[in-house]
Protein chains: 2
Amino acid sequence: MIDPEKRYQALLAKLKAHGARITSHRLALLRLLSVSEDHPDASKIYNQLRIQFPTISLATVYKTLHLLKQEGEVLEIPLQNGAHFDGRKPYPHPHMICTKCGKILDGDKLTFPEVANREIQNKLNFEVANSQLVFYGVCGQCH
Amino acid sequence: MIDPEKRYQALLAKLKAHGARITSHRLALLRLLSVSEDHPDASKIYNQLRIQFPTISLATVYKTLHLLKQEGEVLEIPLQNGAHFDGRKPYPHPHMICTKCGKILDGDKLTFPEVANREIQNKLNFEVANSQLVFYGVCGQCH
DNA sequence: CTACTTGCAAAGCCTTTGCAAACTA
DNA sequence: TAGTTTGCAAAGGCTTTGCAAGTAG
């Protein structure tokens, strides 16, 4: 499990180390990311932050997400209808999307990516650096 | 290996069975799809077809691709910078994208997706119906 | 004070849609 | 002829960018 407070501190430390300015909007975004288990998209983050900061703009959300992505602290999950973001587990991992309820499950404990990378290396002579693995189907609750 | 002529005939038969009208633009698009091993995007298809049909529009390309997708005869590969299409192997399969030369390799002979689906089913109780598996890295030629 | 950050509006991409004209069957 | 398909232009959704005003350090 990830401790939201620890994650928040880690994100904050990274921003500071990078020399970025610490604004209230950024702090709120870090807080939101460190708590969110649901892989929000930019628009959802924007709407959440707007509750506390009515003047915040979507552009600021995108800019800050971009910054965190560059620092390797946010994982972008590009889907057909826009990108979703994971600020708790910023390393590539499989995602399972339930086509009934829309939930996005994490597959960070699955071991098949290693099998995949090995097979791709051996059979295709292709050196995998990164991957984007999305599975669509029905989750246990919906089934 | 896929025989382009056979694939072309199969696509054509499917269109006819669907009751769609056979236009010269559609024939040219089918021909192009059945020959293309490089997973073109809509814009590339459009530019190729424009050589022979200078008045064809991008909208027509999208509409015809949509039709073929619905018939299950074209696979859409959604990437960050737009969708690419595979009209030769319209079933889901992994793709390897070389970050040096941009080539998109097919992984339709790889076996790990079965391992993946089984692991996801067993560990997460999630029933996979579909998947979109993209690996980024360096291909043999570029390495 | 200086440089970074913000909000706004505009623009960029890719894709879809509405509609009258053209065309297939 | 009837109904589909086409090209065009406009609009849609998501994301980025330019810039003047605001703010952190």
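Within every chain, numbering begins at 1; the chains are lettered A, B, ... in the order of the sequence lines, protein sequences first and strands thereafter.
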Student: Please say which of B:Ile2, B:Leu75, B:Asp106 ends up in a side chain to side chain contact (heavy atoms under 4.5 Å, CB included) with B:Arg88.
Tutor: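 With B:Arg88 as partner, B:Ile2, B:Leu75, B:Asp106 yield a single side chain to side chain contact (heavy atoms under 4.5 Å, CB included), made by B:Ile2.
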Student: Got a sec? Which of residues 14-22 of chain A come in under 4.0 Å of DNA chain C, heavy atoms?
Tutor: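 Going residue by residue through residues 14-22 of chain A, the ones with a heavy atom under 4.0 Å of DNA chain C turn out to be A:Ala20, A:Arg21.
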Student: Going 5' to 3' on DNA chain C, which nucleotide is the first and which the last to come under 4.0 Å of a heavy atom in chain A?
Tutor: C:dA3 to C:dC8
Student: Report for the helix from C:dC1-D:dG25 to C:dA25-D:dT1: angle between first-end and last-end helix axes, five pairs each, rounded to 10 degrees.
Tutor: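 Roughly 30° between the end axes, to the nearest 10°.
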Student: Hey, could you give me the SG/CE distance between B:Cys139 and B:Met96, rounded to the nearest 0.5 Å?
Tutor: 11.0 Å
Student: Quick one: pull up CG in A:Asp3 and CE in A:Met1 and give me the separation to the nearest 0.5 Å.
Tutor: 9.5 Å
Student: How would you list, by chain and number, every residue that makes a salt bridge (Lys or Arg N to Asp or Glu O under 4.0 Å) with A:Glu119, sequence neighbours excluded?
Tutor: A:Lys123
Student: Is the closest basic N to carboxylate O distance between B:Lys100 and A:Glu127 below 4.0 Å?
Tutor: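 Answer for the salt bridge query: no.
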Student: State, without any angle test, whether A:Lys103 and A:Gln141 hold a side-chain donor-acceptor pair at a distance under 3.5 Å.
Tutor: yes
Student: Between D:dT5 atom C1' and B:Leu29 atom CG, what is the distance in whole Å?
Tutor: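 Roughly 14 Å, once rounded to whole Å.
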Student: Considering only heavy atoms, which members of residues 82-102 of chain A lie under 4.0 Å from some atom of DNA chain C?
Tutor: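 Listed by number, there are none.
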Student: Using a heavy-atom cut-off of under 4.0 Å over every strand shown, decide if A:His66 touches base, sugar-phosphate, or nothing.
Tutor: nothing
Student: Apart from B:Tyr62 itself, what residues make up its hydrophobic cluster, given side-chain heavy atom links below 4.5 Å?
Tutor: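 B:Tyr62 shares its hydrophobic cluster with B:Tyr8, B:Leu11, B:Leu12, B:Leu15, B:Ile22, B:Leu27, B:Leu29, B:Leu30, B:Leu32, B:Leu33, B:Ile45, B:Tyr46, B:Leu49, B:Phe53, B:Ile56, B:Leu58, B:Val61, B:Leu65, B:Leu67, B:Leu68, B:Val74, B:Phe85.
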Student: Expected output is a numbered-order residue list: members of residues 40-58 of chain A with a heavy atom under 4.0 Å from any atom of DNA chain C. What is it?
Tutor: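 Here the set is A:Thr55, A:Ile56, A:Ser57.
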Student: Counting only N and O atoms by type, is there a donor-acceptor contact under 3.5 Å from the side chain of B:Ser36 to the main-chain atoms of B:His39?
Tutor: no
Student: Can you sort out the partners of A:His93 under ring-ring contact (aromatic ring centres under 6.0 Å, His included), two or more places apart, ordered by chain and number?
Tutor: A:Tyr91, A:His95
Student: What distance separates B:Asn117 CG from B:Phe126 CZ, expressed to the nearest 0.5 Å?
Tutor: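 These two atoms lie 10.0 Å from each other.
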Student: Rounding to an integer number of Å, can you tell me how far A:Leu27 CG sits from D:dA24 P?
Tutor: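 Nearest whole value for this atom pair: 11 Å.
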Student: Tell me the salt bridge (Lys or Arg N to Asp or Glu O under 4.0 Å) pairs involving residues 46-75 of chain A, sequence neighbours left out?
Tutor: A:Arg7-A:Glu73, A:Lys14-A:Glu73, A:Lys69-A:Glu76
Student: Is there a donor-acceptor pair under 3.5 Å between the side chain of B:Thr99 and the backbone N or O of B:Gly137?
Tutor: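 Yes; at least one donor-acceptor contact below 3.5 Å.
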Student: Using salt bridge (Lys or Arg N to Asp or Glu O under 4.0 Å) as the criterion, list what pairs up with A:Glu37, not counting sequence neighbours.
Tutor: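 Result, salt bridge (Lys or Arg N to Asp or Glu O under 4.0 Å) vs A:Glu37: none returned.
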Student: Which residue lies toward the 5' end of DNA chain D, B:Ala59 or B:Leu67, if each is placed at its nearest nucleotide?
Tutor: B:Leu67
Student: Between B:Asn81 (CG) and D:dT15 (P), how many Å, whole number?
Tutor: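 Answer to the nearest Å: 14 Å.
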Student: Residues two or more places apart in sequence or in another chain: which of them pass ring-ring contact (aromatic ring centres under 6.0 Å, His included) with B:Phe135?
Tutor: B:Phe112
Student: For B:Gln121, check side chain to side chain donor-acceptor pair (under 3.5 Å) against everything at least two apart and list the hits.
Tutor: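 For B:Gln121, no residue satisfies side chain to side chain donor-acceptor pair (under 3.5 Å) once neighbours in sequence are set aside.
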